[in-house]
Amino acid sequence: MEQIANWALDTAVARGASYADARVVELRQRELSTKNGQVGTLLESESLGIGIRVIADGAWGFASTDRLARKTVEACAAEAVAIARASALAKKQDVVLAPEQAYVDTWQNPYIKDPFRIPVERQIELLLAADAEMRRVPGVTLAEGSMLFRRIEQFFASTLGSRIHQVKLQSGAGIVATSFADGEIQRRSYPNSFGGQHALAGYELVESFDLVGQAPRIAEEAVALHKAEPCPEGVRTILLDSSQLALQIHESIGHPIELDRVLGQEANFAGMSFLTLDQLNRLQYGSEIVNVVADARLVHGQGLGTFGYDDEGVPAQCTEIIRNGLFTGYLTSRETAAAIGAARSGGTMRAESWNRLPIIRMTNVSLLPGTWKLDELIADTDDGIWMETNHSWSIDDRRHHFQFSTEIAWEIRGGRKVRMLKNPSYSGLTTEFWNSCDAICAREHWTLWGTPNCGKGQPMQTMGTGHGAAPARFRNVRVGIAFSK
Amino acid sequence: MAAAHLLPQAELERIAEQVFRASDADETEVLIEAVTDALTRFANNTIHQNVAEQAVHVSVRTVYDGRTARAATNRTDAESLRRVAAASSALARVQPKHPDLLPMPGPQRYRTVQRFFPATAAATPEDRARAVLQVLRMIERHRQTAAGILATGCSQMALANSRGLFASHQQTRAEFSITVLEPDSSGWQKANTPDLAALDPLALAERASQKAAAARAPRELEPGRYTVVLEPSAALDLLGFLFYDFAGTAVLDQRSCLNERLGKPIFGRNISLWDDVYHPLQTGAPFDGEGIPRQKVLLVDRGVPCNLVYARHTARKMNARPTGHALPLPSELGEAPVNLVWAGGDTSLEAMIASTERGILVTRLWYIREVDPYEKILTGMTRDGTFLIENGRLVCGIRNFRFNQSLIEMLANVEQLGPAVRAAGEESFEMVVPAMKVANFHFTEVTKF
């Protein structure tokens with residue numbers, strides 16, 4: 001890999017690039033799915049290629065190829081320089097990067113069991129066993145399960161002198177029970193919706209889920225939802241489980257703090273942000289118990305936003321985003337850090353693969369734990385609604401007005417969960433919502449959730465992000481409007 | 001640059017032959033995809049990202065005694081092709097038999113579709129940069145700020161199997177999208193076509209610029225039910241959420257909103273829908289993931305959902321005929337219509353506005369998600385050009401709304417249709433779709449911008 005990267009850098013410099021970096025990436029992926037007792041998708045794939053990013057004539061160019069002979073790699077590097085020169089036709093000023101050191105290092109996330117060494121028939125067997133448990137429950141009309149494993153090996157080299165080798169191993173799985181009855185489709189997922197839970201971990205993560213043991217519960221809940229009362233419409237106290245809160249963090253904190261959005265670079269597609277530069281260190285984002293970090297370091301956990309170095313060679317860092325409710329930090333790159341006068345990038349640039357340009361992505365944007373035990377929090381709630389497992393999510397292009405729905409909810413009366421509710425939803429404004437947070441559960445209830453499918457950029461890139469959260473309580477939240485007539 | 005990167009027919013055949021030789025499966029299928037794509041991205045009136053890629057993808061499906069699996073690689077040397085065939089074989093052999101698996105189809109005959117434009121494939125970074133520069137100069141003359149993309153590229157697909165089927169297709173694409181920003185307003189336009197010569201970035205930019213200017217100083221309206229005029233991109237991004245409901249497998253799985261509704265008049269009589277890859281405004285290959293020729297299928301006839309699309313194995317289970325819409329096997333999803341053509345009308349956008357006493361003109365929708373899969377309630381936001389209509393004319397820009405709207409209800413409330421055009425959005429693949437005037441569209445909340 002190093003030799004291939006060196007061919008690219010040498011050519012870029014020879015063609016006049018003032019800066020260049022190259023990433024040689026090899027991706028191996030295994031996807032499995034089952035449906036109603038049968039295997040659905042069964043796919044193993046591999047992909048190897050190089051992405052070359054250069055600055056020439058003060059502007060950016062990027063080219064990528066999967067043809068890794070010396071001649072084609074050099075042609076690709078030359079193309080990147082030619083593209084940069086074309087970019088310079090419409091430049092306002094030269095690209096300026098925040099300074100960074102050179103690193104020579106290797107990094108790999110820890111794991112116990114390599115999922116690619118687990119026989120695929122064992123993995124299928126596990127999904128089919130969970131599938132059978134779900135279909136044993138009368139009323140379940142569709143049982144689905146899936147697993148996804150990825151091994152991403154990357155060699156990064158830059159003209160600064162960095163030579164960084166990283167290997168990331170990612171595992172994830174989930175099951176879903178769906179019930180159609182009386183003109184209504186109800187669904188329950190475990191351990192999370194939209195593909196389950198994912199982390200930088202080995203197969204031990206999947207084994208820890210106990211998919212077979214949990215399958216009857218979600219199947220019974222999917223069927224029971226048909227007879228549940230609908231979530232009422234009004235202004236209520238809500239409690240969010242940690243997986244739903246993770247997505248709330250993703251959408252209403254993680255995206256608005258991306259500095260490329262703030263600076264208008266994503267205005268055409270992903271949108272901009274309400275967090276304009278004048279808000280930094282001034283805006284009371286949340287209540288005083290709200291503390292949020294963006295932490296890519298292994299010490300934070302093995303999330304989908306964990307790495308040793310980002311894709312422009314900046315070491316993993318922890319950035320304070322919200323301290324005691326006050327907005328204190330953005331997600332930055334070398335270019336955007338320089339644009340706002342910061343001394344250094346926060347290290348958040350990542351690319352989907354070798355054929356995509358690194359852009360600012362969430363690392364592990366996490367709400368730090370509070371002090372409450374979950375049963376004490378519920379006991380402390382006189383009148384509220386507990387909402388669990390995301391069903392839908394939507395937020396405006398400045399990341400201010402949101403609406404979420406969840407798969408299931410329970411009404412809380414007098415400190416106890418008293419009845420199941422179907423079709424729960426809530427909506428609000430980002431800062432009003434986070435300022436209404438009056439209780440966060442403790443570390444023992446905190447989970448680092450993986451969001452494997454965050455879309456951003458043109459061309460579109462999908463990226464995994466991490467979000468740690470424990471259940472939390474929010475006051476005076478509008479609920480039920482998604483189903484209002 | 002791009003045309004040279006497509007694989008010649010002889011190379012496609014070489015890849016397929018080498019895989020067949022390396023495989024000892026009962027049946028073997030090879031899917032070869034190649035793409036060369038480039039995208040020039042601008043924001044703050046400057047090009048800030050400018051990228052190009054070329055990639056090949058070879059995937060191999062093997063079948064052993066009713067068991068099947070797929071493996072893929074992006075390497076095309078003999079050793080890599082041998083390894084990918086072996087990987088597919090190893091996966092297929094160890095799994096349970098699939099009771100619905102049919103023998104692979106033999107050779108088929110396909111209608112010709114011409115969707116490759118050499119000049120589009122040959123567009124250079126300079127060509128794109130100069131087109132963008134021309135747009136940005138115009139935007140700066142208007143003292144506005146723009147962000148967007150201009151992309152060009154070509155793609156190729158070939159499907160071969162050990163029963164002698166061979167199908168191939170190549171096409172080009174050109175796409176322009178622009179958001180024009182003012183301090184308190186914005187406007188947007190997007191278009192996508194196989195032929196760069198048919199794309200007019202300057203005209204699209206001019207229209208987005210006019211929208212941004214017209215939307216200045218937006219007013220805040222109360223949420224509620226309004227008559228809306230949905231421009232084609234806005235209609236597209238809503239209607240796109242219906243496509244998989246027309247898959248036979250979705251109905252079999254009881255996850256389609258058409259469950260127990262097929263044959264019933266659930267939409268207005270002015271709503272008809274086809275899947276038609278041969279429509280002159282459509283793109284795509286004339287064959288499906290198994291190599292079966294795609295058929296034109298009438299899905300909705302004057303308000304009545306009347307047909308579904310079927311892969312071969314779904315058709316057998318549902319006592320229907322295959323329509324050429326299979327996804328590559330193995331897949332739990334079965335099939336999908338991806339060349340939707342909605343019936344248009346003859347009411348221009350201007351006439352829709354002129355006939356509206358009070359309503360909302362919607363340029364673009366954003367972040368649409370499904371809230372209820374059976375009633376097909378969708379939520380999302382308006383964005384980049386939302387206007388109040390009063391007494392037949394645009395009065396002012398308004399602050400953006402959130403909607404929660406049943407698509408089924410919406411398609412029963414369509415009052416007027418414009419001519420169907422090829423529309424591009426962000427939530428759906430491109431379709432042929434008209435502008436729509438819809439009564440009682442449900443806006444539930446309003447933003448502060």
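We name chains A, B, ... by the order of the sequence lines, and we start the count at 1 in each one. Computed over heavy atoms, backbone and side chain alike; hydrogens, waters and symmetry mates excluded.
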Shorter than 4.5 Å, heavy atoms on both sides: which option in [options] has the most such pairs with chain B?
options	value
A/Val39, A/Asn355, A/Val120, A/Leu48	A/Leu48
A/Ala82, A/Ser405, A/Gly183	A/Gly183
A/Ile481, A/Val95, A/Thr178	A/Ile481

If you tally heavy-atom pairs under 4.5 Å against chain A, which of [options] wins?
options	result
B/Ala146, B/Ser331, B/Ser88, B/Ser59	B/Ser331
B/Arg70, B/Glu175, B/His57	B/Arg70
B/Thr444, B/Asp253, B/Leu136, B/Thr382	B/Asp253
B/Asp100, B/Ile368, B/Asn259, B/Leu181	B/Asn259
B/Leu133, B/Ile47, B/Asn74	B/Asn74
B/Arg61, B/Arg83, B/Lys448	B/Arg83

Note: B/Glu409-A/Lys485 ion pair, threshold 4.0 Å (strictly below): no
is_close_aromatic(A/Phe180, B/Tyr374), centroid dist under 6.0 Å: yes
Side chain B/His98, main chain A/Gln38, donor-acceptor under 3.5 Å: no
Using heavy-atom distances under 4.5 Å, tell me whether [X] contacts chain A through its side chain, its backbone, both, or neither.
X	result
B/Ala55	both
B/His48	both
B/Ile377	side chain

Non-hydrogen side-chain atoms of A/Pro459 and B/Val51 separated by less than 4.5 Å: yes
